[in-house]
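Report on one structure; see the data block that follows.
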Amino acid sequence: MDRYSLLALLLFAAVATAAIADRIDADDDDELLIRQVVADGESEEDHLLNAEHHFSTFKSKFSKTYATNEEHDYRFGVFKTNLRRAKLHEKLDPSAVHGVTKFSDLTPSEFRHQFLGLKPLRLPADAQKAPILPTKDLPKDFDWREKGAVTPIKDQGSCGSCWAFSTTGALEGAHFLETGNLVSLSEQQLVDCDHVCDPEQYGACDSGCNGGLMNNAFEYILQAGGVQREEDYPYSGRDGSCKFDKTKIAASVSNFSVVSLDEKQIAANLVKNGPLAVGINAVFMQTYIGGVSCPYICGKHNLDHGVLLVGYGARGYAPIRLKKKAYWIIKNSWGESWGENGYYKICKGRNVCGVDSMVSTVAAIHTPTH
């Protein structure tokens, strides 16, 4: 059965089946659409089977504790809803594995508020379109991790600072290409100090744990003169006062460009210029465990999470009966306990979840480290 026949069957089943997962927060357009086209034939009794065991394992694995019995019972209810939600995601994303993650006791709205933070896109004045690059001799597989241009997985905590991690990741890679040295840069500097904003020129303002935009952050770095090392300006995961010390700048931006909505150009810029700052719709990421995510339904315009594109593969793992897929390799900022040791694989070919819609490349200035 091909993809479109399956989708038609799911649509038919949805008409015959009452609305499902009605406890899931209804303020996300993609989730509403998912619930409309997926019919869950599993009984409530089957769904809740072993839920307490799974919840106990979840609490132990992720060191979860709750202040009161009421809070515990509420989180258990959210957890059961997310078990159902993960099953829905697997129906629409069968080449990936979805299930219990460290976010399984959070509602979708809580998850968005705490861990997402990408603001609406408008390009700053200094953002240029990346030049068209040749694509004839691109390698079939490419991974900047293997070449030493990617720092270890970081964890943004309960702070909507994903945009800052995407920004520093791109600059860390550009600095490596310029100097041969991999330096971990300070996200906290961006969280605390990047508030330069002219709404008419830049669009949404960068607002620390309340969200931001990678292109705005590149603009800030241009104006500030650079970014300090992580060790000199460590991450706290909270909004704070700016403590930027210009004498300790470790890396600077010379320019940044927006890459066209063309996967071959994105791949060419990745190979030539280093890891790329990318925006994505994270609706399937709360329940993602592994595999190549290639959902049938995922909005291309609701970009709410900033990540780092570090490579791509020609043929990713897929279950039996499903064709193996080409995929992008995404570095996330939710710690190594999420996804595939902190990474996300999403399929190439049709701008899934808007992964091709907001891509930026950055060039670094050689800055002496201290």
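Computed from a predicted model, the values in this text were never measured in an experiment.
A donor-acceptor contact closer than 3.5 angstrom is absent between the side chains of Ser161 and Gln156. In the model, Ser333 has no side-chain atom that pairs as donor or acceptor with a side-chain atom of Asp155 under 3.5 Å. Between the side chains of Asp105 and Tyr66, at least one donor N or O sits under 3.5 Å from an acceptor N or O. A donor and an acceptor atom, one from each side chain of Tyr233 and Asp245, are nowhere located under 3.5 Å apart. Side-chain polar atoms of Asp232 and Gln228 form no donor-acceptor pair below 3.5 angstrom.
The structure places CG of Leu83 at 11.0 Å from CG of Leu88, a figure rounded to the nearest 0.5 Å. Here CZ of Arg84 is found 10.0 Å from CG of Asn82. Values are rounded to the nearest 0.5 Å.
Of the possible donor and acceptor atoms, none in the side chain of Lys345 sits under 3.5 Å from a partner among the backbone N and O of Ala326. Asp141 contributes a side-chain N or O that, together with a main-chain N or O of Ala314, makes up a donor-acceptor pair within less than 3.5 Å. Using modelled atom types, no side-chain atom of Lys80 and backbone atom of Glu52 make a donor-acceptor pair closer than 3.5 Å. Here the side chain of Glu110 pairs a donor or acceptor atom with the backbone of Thr107 at under 3.5 angstrom.
Contact check for His305 versus Asn332: side-chain heavy atoms found under the 4.5 Å cut-off. In this structure the side chain of Tyr344 reaches within 4.5 angstrom of the side chain of Ile280, judged on heavy atoms. In this structure the side chain of Phe142 reaches within 4.5 angstrom of the side chain of Lys147, judged on heavy atoms.
Remark: Lys272 NZ is loosely packed, at most 12 non-hydrogen atoms of other residues, nucleotides or ligands lying under 6.0 Å away.
Between Tyr288 and Trp338, the angle of the ring planes lies from 30° to 60°, which puts this pair in the tilted group.
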Criterion salt bridge (Lys or Arg N to Asp or Glu O under 4.0 Å) on Glu70 and Arg75, from CA distance to verdict:
CA-CA 9 Å; Glu70 290 77 10; Arg75 292 300 164 190; over 6 Å; no

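In this structure, Lys246 fails the cation-pi test against Phe244, since its NZ or CZ atom is not both closer than 6.0 Å to the six-membered ring centre and inside 45 degrees of the ring normal.
Applying the ring-ring contact (aromatic ring centres under 6.0 Å, His included) criterion to Phe176, with sequence neighbours excluded, gives no partner residue. Scored by the ring-ring contact (aromatic ring centres under 6.0 Å, His included) test, Tyr74 finds no partners at all (sequence neighbours excluded).
Using a 4.0 Å cut-off between charged side-chain N and carboxylate O, Glu172 and Lys154 make a salt bridge.
Nearest approach of Gln188 to Arg238, heavy atoms of both residues: NE2-O, 2.7 Å. Across all their heavy atoms, Gly99 and Ser104 have their closest contact at O-OG, 4.1 Å.
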Output side-chain donor-acceptor pairs under 3.5 Å for residues 258-265, partner residues at least two apart or in another chain, one line each.
| from | atom 1 | to | atom 2 | distance (Å) |
| --- | --- | --- | --- | --- |
| Asp262 | OD1 | Lys264 | N | 2.9 |
| Asp262 | OD1 | Gln265 | N | 2.9 |
| Glu263 | OE1 | Gly349 | N | 2.6 |
| Glu263 | OE2 | Gly349 | N | 3.1 |
| Gln265 | OE1 | Leu133 | N | 2.9 |
| Gln265 | NE2 | Leu133 | O | 2.8 |

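Checked against a 6.0 Å centroid threshold, the rings of Tyr312 and Tyr327 do not count as neighbours. When ring centroids are compared, Phe55 and His72 come within the 6.0 Å threshold.
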